Protein chains: 2
Amino acid sequence: MKIGELAQTAQCSVETVRYYEKEGLLPAAERTASNYRSYGPAHIERLRFIRNCRALDMTQDEIRTLLGFVDDPAAGCGAVNHLVDEHLGHVQARIAELLELEKQLVELRHRCNGEFPVDACGIVQGLNQMDTEPKPAHRHTHLG
Amino acid sequence: MKIGELAQTAQCSVETVRYYEKEGLLPAAERTASNYRSYGPAHIERLRFIRNCRALDMTQDEIRTLLGFVDDPAAGCGAVNHLVDEHLGHVQARIAELLELEKQLVELRHRCNGEFPVDACGIVQGLNQMDTEPKPAHRHTHLG
DNA sequence: GCTTGACCTTGTAGTGGCTTCAGGGTGTGT
DNA sequence: ACACACCCTGAAGCCACTACAAGGTCAAGC
């Protein structure tokens, strides 16, 4: 199977597949006589795994770690569970941040209810006066 | 006022101030005889505005647009309100995405409740079998 | 006058997870 | 013979910074 077919099967672009190979997430494919990459079922499974992790917004590092666990057949899945728990924590932390943000934005939005000169607009005034509180120095989530 | 003092006033780093200048968000400062940047009250206000927008997770483009509105004293604030509404939409859309993600992760997490060989782990199986549905082609949010 | 140290300057490269592009080679159908 | 879809590599771009290298400036203390 050539790269285009693989990409389509895994719902991603050809470039993404090559990128994963370069990053070491996907093992290098064999090559045909004309230097085309050639994939088998193992590659499909691996790529689907990666894409599913990405669909859950895991980072490449998290995925790399996860793949390391999965590739060790003697190991138990405790580490896998732990990683998923941590990632769930990231997602929940980010949700909390965004809910707080939403609150601030709604409050800001209510400061203006019409069409005024910008000087008189409560939103503009709010943006000038708000107190930027320094963001927590160390983030507990990698989600933007 | 020198750059370090300005940065401290606005709760950001010196590098960030120079970066905003390079990007055209903050007008270039005057220079002292020894080529140090020298800032006045207008710069403080402008930088605070920018930092407040960033604290609300607006992009540089959104901020640039907003500054354009604010700098036109003849204009009304309708465009400002609209931009804030749109941004609020981004935030809400991202919250919805992350809540869906959380649901999926919780469901996935429940598939394993102990320490099994990875082959037998419901989470690993889940990650292999999930159907990556193609993400909506065009994003309605710039938030990660 | 000399050193130390805090501050300032410019420029470049790195982050993540891709996407896009330039400049080519390969394979199939007409 | 040509078109056209697919493949290859390598480099650059995205965003909002951050970090670093290599140096200039200035006040205080010895």
Side-chain angles (χ1 to χ4, degrees), chain A residues 1-26 28-39 47 50-67 87 90 94 132 134-135 137-139 141-144, chain B residues 1-26 28-39 47 50-67 87 90 94 132 134-135 137-139 141-144:
Chain A
M1 149 181 262
K2 283 188 290 181
I3 195 169
E5 204 181 338
L6 175 68
Q8 205 163 17
T9 308
Q11 304 275 17
C12 71
S13 76
V14 166
E15 290 82 4
T16 301
V17 176
R18 283 196 286 251
Y19 172 70
Y20 287 157
E21 177 180 318
K22 197 174 58 179
E23 292 301 302
L25 292 178
L26 202 57
E30 300 190 358
R31 299 297 181 121
T32 67
S34 52
N35 200 30
Y36 286 10
R37 287 173 180 80
S38 174
Y39 296 96
L47 181 54
I50 296 169
R51 291 307 291 172
N52 284 334
C53 290
R54 285 295 302 137
L56 296 170
D57 258 356
M58 293 186 196
T59 62
Q60 282 188 12
D61 262 2
E62 286 173 318
I63 299 173
R64 222 183 303 274
T65 304
L66 214 42
L67 287 171
H87 181 60
H90 300 161
R94 182 56 176 158
T132 320
K135 291 222 169 183
H138 201 42
R139 307 205 53 192
T141 164
H142 56 77
L143 302 151
Chain B
M1 153 181 255
K2 284 187 290 180
I3 196 170
E5 205 181 335
L6 175 67
Q8 205 163 15
T9 308
Q11 304 276 19
C12 71
S13 76
V14 166
E15 289 83 3
T16 301
V17 176
R18 283 196 286 251
Y19 172 70
Y20 288 156
E21 178 180 318
K22 198 174 57 180
E23 293 301 303
L25 292 179
L26 202 57
E30 301 191 359
R31 299 297 182 121
T32 68
S34 53
N35 200 31
Y36 287 10
R37 287 173 181 82
S38 175
Y39 297 95
L47 181 54
I50 297 169
R51 292 306 291 171
N52 285 333
C53 290
R54 285 295 300 136
L56 296 171
D57 260 355
M58 293 185 196
T59 62
Q60 282 188 10
D61 262 3
E62 285 173 318
I63 299 171
R64 222 183 303 273
T65 304
L66 213 42
L67 287 171
H87 181 60
H90 299 162
R94 182 57 176 157
T132 320
K135 292 221 171 187
H138 200 42
R139 304 205 57 191
T141 164
H142 56 77
L143 300 150

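Values reported hereafter were calculated over all heavy atoms of this structure, with side chains retained and with hydrogens, waters and symmetry mates removed. Quantities reported herein were computed from a predicted structural model and do not represent experimental measurements.
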Let me know the distance between CE of A/Met58 and P of C/dG17, rounded to the nearest Å.
12 Å
Rounded to whole Å, the NZ-P distance (A/Lys22 to C/dT20) equals 15 Å
Regarding the side chain of A/Thr16, the nearest nucleotide among C/dC8, C/dC18, C/dT20 is C/dC18
In this structure, how many angstroms lie between the P atom of C/dG16 and the CZ atom of A/Arg64, rounded?
9 Å
To the nearest angstrom, how far is A/Tyr19 atom OH from C/dT15 atom C1'?
10 Å
From the options C/dT19, C/dG17, C/dT9, select the nucleotide whose nearest atom is closest to the side chain of B/Arg31.
C/dT9
Just by distance, with hydrogens left out, do A/Tyr20 and A/Arg54 show a side-chain donor and acceptor under 3.5 Å apart?
no
Looking only at the side chains, is there a donor atom on one of B/Glu30 and B/Tyr36 sitting less than 3.5 Å from an acceptor on the other?
no
Expressed in angstrom and rounded to an integer, what is the separation of B/His142 atom NE2 from C/dT19 atom P?
19 Å
Sorted by chain and number, sequence neighbours left out, side chain to side chain contact (heavy atoms under 4.5 Å, CB included) with B/Ser13 holds for B/Glu15, B/Thr16
Walking along DNA chain D from 5' to 3', note the first and the last nucleotide with an atom under 4.0 Å from a heavy atom of chain A, and give both.
D/dC6 to D/dT9
For B/Thr9, check side chain to side chain contact (heavy atoms under 4.5 Å, CB included) against everything at least two apart and list the hits.
B/Met1, B/Ile44
Nearest-angstrom distance from the residue atom OH of A/Tyr20 to P of C/dG16
14 Å
Can you tell me if B/Gln8 uses its side chain to pair, donor with acceptor, with the backbone of B/Glu5 under 3.5 Å?
no
Check: A/His87 side chain, A/Leu56 main-chain N or O, donor-acceptor pair, under 3.5 Å
yes
Side-chain (B/Arg18) to main-chain (B/Lys22) donor-acceptor, under 3.5 angstrom:
no
Taking only nitrogen or oxygen atoms into account, show me every contact under 3.5 Å that the protein makes with nucleotides 25-28 of chain C, one pair per line with its distance.
from, atom 1, to, atom 2, distance (Å)
C/dG25, N2, A/Tyr36, OH, 2.9
C/dT26, O4', A/Tyr36, OH, 3.1
C/dT26, O3', A/Ser34, OG, 3.4
C/dG27, OP1, A/Ser34, OG, 2.8

Quick check against the 3.5 Å criterion: does A/His90 have a side-chain atom that pairs as donor or acceptor with the backbone of A/Asp57?
no
Strictly below 4.0 Å: does B/Arg37 bring a side-chain N or O up to OP1 or OP2 of C/dT9?
yes
Whole-Å gap separating P (C/dT9) and CD (B/Glu15)
11 Å
Partners meeting side chain to side chain contact (heavy atoms under 4.5 Å, CB included) with B/Asn35 (sequence neighbours left out)
B/Arg31
Distance check needed: C/dT9 C1' versus B/Glu30 CD, whole Å only.
18 Å
Side chains of B/Leu47 and B/Cys12, heavy atoms from C-beta outward: is any pair under 4.5 Å?
yes
Contacts of B/Arg37 meeting salt bridge (Lys or Arg N to Asp or Glu O under 4.0 Å) (sequence neighbours excluded), chain-then-number -> B/Glu21
Does a nitrogen or oxygen in the side chain of B/Arg18 sit under 4.0 Å from OP1 or OP2 of C/dT10?
no
Axis-to-axis angle for the helix from C/dG1-D/dC30 to C/dT30-D/dA1, ends of five pairs each, to 10°, equals 30°
Residues in ring-ring contact (aromatic ring centres under 6.0 Å, His included) with A/Tyr39, at least two apart?
A/His43
